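Single-structure report; data block below.
As the structure is a prediction and not an experimental result, all values here were calculated from the model.
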Amino acid sequence: MNRRHFLRLAGGGAAALACGGVQLLTSCGDGGTGPGSGVTRTPLPVPSTLTPTGATLTAAPGTATIASGETTPAWLFNGLLPSPTIRVRRGDTATIHLVNGIPEPTIVHWHGLIVPHEDDGHPLDAIDPGGSYDYDFPIVQRAGTLWYHPHPHGLTGGQVQRGLAGFFLVGDDEEDALALPSGEQEILLLLQDRAADAAHAFEYAPTADDLHTGILRDTAYGDGVRRPTVRVAGPRCRLRVLNASNARIYRLGLGNGAPLTVIGNDGGLLASPVQIDSVYLGVAERIDLLIDLTGVAVEGGLMLESLAFDMTAAPSGSTQGVEMELLEIVRAPGGDATAPPLPSTLSTIAPLGSPAGEREFAFQSSASGHTHTINGLTYDMNRVDEQIALGRVERWRFRNDSALPHPVHLHGTHFQVESREGGRGTVYPYEGGWKDTVLVMPLELVSVLVRFDPYRGVFPLHCHNMQHEDQGMMLNIEVV
Ligand code: C2O
Ligand code: CU
Ligand code: CU
């Protein structure tokens, strides 16, 4: 029995898994969740900060360090891995000069930012090698954990896989008033699953299976390094997690069984904090957590894990849904002994109100092979598929009749999740507030309320499984 077959049989009972490439929670003596447990972990790097006022962002080949003494060729923004974190405040203006130093067309999309069409990184705006593109847009939205990545049609998955993706953080006064942990107590975790060995970690060579399910690999990388570990002084930290994987979905949970405290998601703060045992994080979704280390001894560790989840409908051999260790958090000495209490109200979320219309989008994948469509259509970047009036509220229904998960993303706005029928059958409290990506698992029908404001223009709607989007699971929505 090969290992992939075994993983599949093990399903949710992953505790029984044999040792292999997968980082196991109950490993064969070489795992464990504390320091000194035998697994070599790499300190989580802190991304540098880029202020986007007259900034230049150059995408070019370079060398990534993925662990102590291990390097690999990669494609990098400004020569850096992790990519620089772009930080702005509401009311700022971003002026960014993008230079294409990679050997294929590219364009950068600011995922979750509400920007004019011409600043959105639409695939029509892709620039050739050696070209450049100038962005100039105001920050008109509330604080939130956004990100940026290439968006040329058909090439997004490969460029992200090779290293091009980073955080884009917006701050504002409302967030400041909460006095959330900051500085060294604010941890940014860009999650990707990759091959463990340096020779393959950042390569892009999708197999036929990868074109169907998306790329699924066995080892968690954080901010570009393999099996990350981070030291935190004091009893709590803010952990902002971005799933920048090609296809993998994580079900975040803590190794000590304590609940997670969620304070925000894609579009910023939730109305109030949510305590919950686990959080599904689909590709491109973000989650903002407060991690409580009061129960962890100094020099003790707490493991952020991906818990097993049911993917019985998935194709044979898929490792979607297996357990993984994601980030070891070690409590370091020092820091404030007492954490200030988290306010019970974080923000005010105004409901979008009654929809004036409704439309449905069916996400369909062939049972095998690599046909991935929406309403039977394959993306044509020059075609407008739907039109919606600026300011009009509509209910959009995302229907997944396939055996693969589809994380559905909409450019140009944020939406409110109303209901989920079939599959998991519920809207999780951490899916409240404003979202730009929602996970639609096999056989689920997710309804969201949408309104575009303030920009007219063409904005993509697509599955953010990067293989699916590259193969055309995308439509153009024109706001008129
Ligand atoms: Cu994160 Cu259309 O993309
Ligand atoms: Cu986007
Ligand atoms: Cu998909």
Side-chain angles (χ1 to χ4, degrees), residues 45-64 74-152 155-156 159-160 162-176 182-183 186 188 190 223-224 240 242 244 267-268 286 411-413 436 454-457 459:
V46 179
S48 60
T49 298
L50 185 70
T51 303
T53 319
T56 294
L57 203 56
T58 302
T63 301
W75 289 355
L76 307 173
F77 282 120
N78 293 358
L80 299 167
L81 189 85
S83 300
T85 297
I86 298 176
R87 278 190 194 258
V88 293
R89 290 185 65 83
R90 182 177 194 162
D92 288 354
T93 296
T95 47
I96 302 171
H97 180 66
L98 171 71
V99 176
N100 183 4
I102 59 172
E104 52 185 55
T106 196
I107 190 71
V108 169
H109 167 58
W110 323 101
H111 181 127
L113 274 113
I114 313 296
V115 300
H117 160 82
E118 61 271 21
D119 290 300
D120 190 49
H122 191 279
L124 281 173
D125 294 326
I127 49 172
D128 286 333
S132 65
Y133 195 91
D134 284 294
Y135 298 87
D136 184 347
F137 55 88
I139 306 298
V140 298
Q141 65 200 82
R142 65 205 289 260
T145 308
L146 303 320
W147 64 300
Y148 65 99
H149 62 80
H151 213 291
L155 301 170
T156 296
Q159 294 184 14
V160 173
R162 291 179 190 275
L164 297 171
F167 281 93
F168 196 126
L169 303 179
V170 175
D172 66 7
D173 295 343
E174 180 186 51
E175 181 188 53
D176 289 353
S182 61
E186 180 193 39
L188 302 175
L190 182 154
D223 299 328
R240 308 173 78 168
L242 155 64
R286 290 84 67 202
H411 290 218
T413 191
D436 57 51
Y455 298 119
R456 292 187 167 84
F459 296 98

(request) Could you tell me whether the side chain of Tyr133 reaches within less than 4.5 Å of the side chain of Glu118, counting heavy atoms only? (result) yes
(request) State, with a plain yes or no, whether a side-chain heavy atom of Leu155 is found less than 4.5 Å away from one of Pro150. (result) no
(message) Taking the side chain as everything from C-beta on, heavy atoms only, tell me whether Leu80 gets closer than 4.5 Å to Ser48.
(response) yes
(message) With heavy-atom distances below 4.5 Å as the criterion, would you say the side chains of Thr95 and Asp134 are in contact?
(response) no
(request) Output all residues satisfying salt bridge (Lys or Arg N to Asp or Glu O under 4.0 Å) with Asp436, sequence neighbours left out; order by chain, then residue number. (result) Arg286
(request) Please round to the nearest 0.5 Å and tell me the distance separating atom CZ of Phe137 and atom CD1 of Ile114. (result) 11.0 Å
(message) Tyr148 and ring pair (Phe, Tyr, Trp, His ring centres under 6.0 Å): which single residue from Phe167, Phe77, Tyr135 fits?
(response) Phe77
(request) Report the residue from Thr51, Leu50, Val170, Leu113 that forms a side-chain contact (heavy atoms from CB on, under 4.5 Å) with Ile86. (result) Leu50
(request) Report the distance from atom CH2 of Trp75 to atom CD1 of Ile102, rounding to the nearest 0.5 Å. (result) 4.5 Å
(request) Would you check if Asn100 and Pro129 make a side-chain contact, meaning some heavy-atom pair closer than 4.5 Å? (result) yes
(message) Within the 4.5 Å heavy-atom criterion, are Leu169 and Leu146 side-chain neighbours or not?
(response) no
(message) I'd like to know if the side chain of Ser83 and the backbone of Leu164 have a donor-acceptor N/O pair within less than 3.5 Å.
(response) no
(message) Is the ring pair His149/His111 parallel, tilted or perpendicular, if the boundaries are 30 and 60 degrees?
(response) tilted
(message) For the CG atom of Asn78 and the OG1 atom of Thr56, what is their distance to the nearest 0.5 Å?
(response) 7.5 Å
(message) For the CZ atom of Arg87 and the CG atom of Asp92, what is their distance to the nearest 0.5 Å?
(response) 13.0 Å
(request) Output yes when Asp173 and Arg90 qualify as a salt bridge under the 4.0 Å nitrogen-oxygen rule, no when they do not. (result) no
(request) Check whether any side-chain heavy atom of Val88 lies under 4.5 Å from a side-chain heavy atom of Phe168, and answer yes or no. (result) yes
(message) Is the shortest side-chain heavy-atom distance between Thr85 and Arg240 below 4.5 Å?
(response) no
(request) Spell out, as yes or no, whether a donor-acceptor pair under 3.5 Å connects the side chain of Gln159 to the backbone of Glu104. (result) no
(request) Run the ring-centre check on His122 versus His151 and record whether the distance is less than 6.0 Å. (result) no
